[in-house]
Novice: 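This is the structure, below, for whatever I ask next.
Because the structure is a prediction, the values reported are computed rather than measured.
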Amino acid sequence: MDTKPSSDALEALRRALGPGGWLESPADVEPYLVDFRRLYRGATPLVARPASVEQVAAVLHLCQAHRIPIVPHGGNTSYCGGATPREDGAELVLSLARLNRIRAIDPDGYSITVDAGCTLQAVQEAARAANRLFPLSLGAEGTAQIGGNLSTNAGGTAVLRYGMMRDLVLGLEVVLPDGRVLDQLRVLRKDNTGYDVKQLFLGAEGTLGVITGASLKLFPLPGDYATALVALGGLGDAVALLGRVRDAFGDAVVAFEFLPRIAHELAVKHVPGTVQPFDHPHPAFALVELAVPARIPEFAERFQAFLVEELEARRLRDVVVANSGAQRDALWHWREHVPEAQKLEGASIKHDVSLPVAQLPAFHDAAAAELARLAPGARIVAYGHVGDGNLHYNLSPAEGDRDAGAFLARAPVVNRAVHDLVARFGGSFSAEHGIGRLKVGELERYEDPVALELMRAVKRAVDPLGLMNPGKVLAAPTIGDGARDAPQAQAPAAVPGAARA
Ligand code: 2HG
Ligand code: ZN
């Protein structure tokens, strides 16, 4: 496992994958070696591109026989380097891109069954074509694949109403490290039959097996959306407004995104087409969206009346309501391009934290005070899914500061201060971006030790040879650790369908 795969092993893999089933020239492999944020550059002898579940099973079976570690790879939009192989060239990359069929859709049963390599957008579109909604929504949806969304338990902008990816799953199909297929592709809403083993693979980031298919929940397609951008005094105002808007409209509130003034300034500077909705530079904004049930069109009017009341009571500084799909798109365009705007501004130090919603303003102030000391002049670009208690508490260098190296050198100290504070406030250092390779140390530091022991025990039980995405989520075992001591996996029984591959 510490050495590169033998040529015999690679030849066996090529045979199992068939023509068009792998990539190996440097130019073809290049896009699989660098993560989305360009934090890591790895190496691999081969990118496997299986076209069926049987081929995935055959690849895992062969990898186990030859002790080859595997890095499952979806749309490569991980923020934590979860899908990038390590540098030594020992790991095989397994792309799910060719498993991209919508297998079945049941509008009456409100479910859809898809291959893991479908993009999130393809699943949304298939649902919409059947007059249904698949609600997971995030900036990278055109590229991100469902398998990656499942493996990282993705969040996004509609969690407030519909939950995270984990909440949207009815059934799962997973190839285990020894090539067996866990077939739990059920579409049942109720199924109380012992341990819910599929849950293990959601958020496991490919460290326990390869998700190849999923049955997902669908929802009624909203008749319309009522979308407003409100100008506010700050995060405290946003949290207070969130409470009132949810009191008034309950579950119709789909999204509640917080954006500080700097998120607008950076977008105006770097992203063509950013809206300029107000003539006054307000301190902060919230993008609030309600789903309007098809049968209750006057809902939108009630929302407008609510906003007018808020304005008259001076709880809001200003408001614009989207009067058309194009205006709604323009507001979301700004919101979704904030990460890009911050990237184009230069270096950044990122945190993806969540807290109990009511604690957000106090956390923000405490963190800002710490950072004024630790990174003087740095600009705080804290925005995101305040409806879920999730802030992307990011930093950009002081304006005009071109010394990215010196700024980034502060990252470890800044990360520690922010994450320690998050822990003190009862929050999480990774709200929706997962652990990947980037946050393995943070998980070890902040996770409950008993939870960590259980995670390691599960890893040893499901992947005794430690071949699945090693070093992601959990540190790769060192000699003397359980995984090394684990019994050698028995020669796997013939993999169903492997011969056909
Ligand atoms: C978002 O909410 C993404 O836009 C990215 O989760 C956050 O770039 C970030 O820090
Ligand atoms: Zn986010």
Side-chain angles (χ1 to χ4, degrees), residues 139 157-158 160 225-249 252-290 292 300-342 345 357-358 360-365 368 379-394 396 399:
T157 52
L160 180 61
Y225 289 95
T227 310
L229 183 72
V230 299
L232 300 163
L235 186 55
D237 284 359
V239 168
L241 174 66
L242 171 70
R244 293 193 300 275
V245 78
R246 293 190 81 189
D247 270 350
F249 297 98
V253 186
V254 172
F256 192 101
E257 296 286 309
F258 175 75
L259 297 148
R261 179 193 296 168
I262 187 168
H264 191 244
E265 291 167 350
L266 294 180
V268 167
K269 184 168 164 192
H270 297 292
V271 181
T274 299
V275 281
Q276 299 258 28
F278 304 110
D279 47 20
H280 192 78
H282 294 287
F285 309 89
L287 180 55
V288 189
E289 184 155 279
L290 271 55
V292 181
E301 286 156 35
R302 275 195 243 155
F303 183 45
Q304 297 214 11
F306 167 86
L307 293 169
V308 169
E309 220 174 274
E310 289 281 308
L311 211 47
E312 284 172 358
R314 297 184 182 281
R315 291 193 287 259
L316 310 181
R317 297 187 177 208
D318 209 342
V319 59
V320 291
V321 174
N323 284 322
S324 65
Q327 287 180 5
R328 174 182 179 238
D329 290 348
L331 293 175
W332 277 109
H333 175 82
W334 162 33
R335 161 60 188 97
E336 278 168 357
H337 285 80
V338 173
E340 185 184 321
Q342 199 190 1
E345 180 70 359
V357 175
L360 285 174
F363 161 78
H364 190 297
D365 292 351
R379 290 171 291 170
I380 297 171
V381 187
Y383 65 93
H385 324 290
V386 155
D388 315 324
N390 178 190
L391 270 185
H392 297 304
Y393 201 91
N394 297 344
S396 286
E399 210 161 358

Novice: Out of curiosity, Tyr383 OH to Leu391 CG, how far, rounded to the nearest 0.5 Å?
Specialist: 10.5 Å
Novice: Which atom names give the shortest non-hydrogen contact between Ala341 and Val271, and what distance separates them?
Specialist: CB-CG2, 3.9 Å
Novice: So, for Asn323 and Gln304, which heavy atoms are closest and what is the spacing to 0.1 Å?
Specialist: OD1-NE2, 4.3 Å
Novice: Taking atom OH of Tyr393 and atom CG of Leu360, what is their separation to the nearest 0.5 Å?
Specialist: 11.0 Å
Novice: Any donor and acceptor pair, going by atom type alone, linking the side chain of His264 with main-chain N or O of Val275 inside 3.5 Å?
Specialist: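 Present.
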Novice: Strictly by salt bridge (charged side-chain N to carboxylate O under 4.0 Å, His left out), give each pair with a member in residues 257-269 just once, sequence neighbours left out.
Specialist: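 Passing the test, one end in residues 257-269: Glu257-Arg335, Lys269-Glu345.
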Novice: Got a donor-acceptor contact below 3.5 angstrom from the Trp334 side chain to the Gln276 backbone?
Specialist: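 Looks like no, no N/O pair under 3.5 Å.
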Novice: Atom CG in Leu242, atom CZ in Phe256: separation rounded to 0.5 Å?
Specialist: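 These two atoms lie 5.0 Å from each other.
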Novice: Which heavy atom in Phe258 sits nearest to a heavy atom in Ala238, and how many Å separate them?
Specialist: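 It is CD1-CB, 3.7 Å.
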Novice: Work out which heavy atom in Pro277 is nearest to a heavy atom in Leu229; give both atom names and the distance.
Specialist: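 The pair with the smallest heavy-atom distance is CG-CD2, 3.4 Å.
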Novice: For Val239 and Val386, what are the C-alpha separation, side-chain angles and deciding distance, and is it a side-chain contact (heavy atoms from CB on, under 4.5 Å)?
Specialist: CA-CA 7 Å; Val239 168; Val386 155; 4.3 Å; yes
Novice: Would Val319 and Glu310 count as a side-chain contact (heavy atoms from CB on, under 4.5 Å) if you check the C-alpha gap in whole Å, the side-chain angles of each, and the deciding distance to 0.1 Å?
Specialist: CA-CA 10 Å; Val319 59; Glu310 289 281 308; over 6 Å; no
Novice: For the CD atom of Glu289 and the CZ atom of Phe303, what is their distance to the nearest 0.5 Å?
Specialist: 9.0 Å
Novice: Within the side chain of Thr274, is there an N or O that forms a donor-acceptor pair under 3.5 Å with the backbone of Ala267?
Specialist: yes
Novice: For a quick test of reading the model, state the closest non-hydrogen atom pair linking Gln342 to Ser396 and the distance between them.
Specialist: NE2-OG, 3.0 Å
Novice: Taking all atoms of both residues into account, what is the closest heavy-atom pair of Phe249 and Arg302, and its distance?
Specialist: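 Heavy-atom minimum between the residues: CZ-O, 3.7 Å.
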Novice: Would Arg244 and Leu241 count as a side-chain contact (heavy atoms from CB on, under 4.5 Å) if you check the C-alpha gap in whole Å, the side-chain angles of each, and the deciding distance to 0.1 Å?
Specialist: CA-CA 5 Å; Arg244 293 193 300 275; Leu241 174 66; 4.0 Å; yes
Novice: Decide yes or no on side-chain contact (heavy atoms from CB on, under 4.5 Å) for Leu311 and Leu307, but give the supporting numbers first.
Specialist: CA-CA 6 Å; Leu311 211 47; Leu307 293 169; over 6 Å; no
Novice: Taking atom OG1 of Thr157 and atom CG of Asn390, what is their separation to the nearest 0.5 Å?
Specialist: 11.5 Å
Novice: Quick one: ring pair (Phe, Tyr, Trp, His ring centres under 6.0 Å) partners of His270, sequence neighbours excluded?
Specialist: none
Novice: Which pairs would a plain distance check flag for residues 278-288, meaning a side-chain donor or acceptor within less than 3.5 Å of a matching protein atom at least two apart in sequence or in another chain?
Specialist:
none

Novice: Enter the distance from Leu232:CG to Leu259:CG here, rounded to the nearest 0.5 Å.
Specialist: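 Between Leu232 CG and Leu259 CG, I get 10.0 Å after rounding to 0.5 Å.
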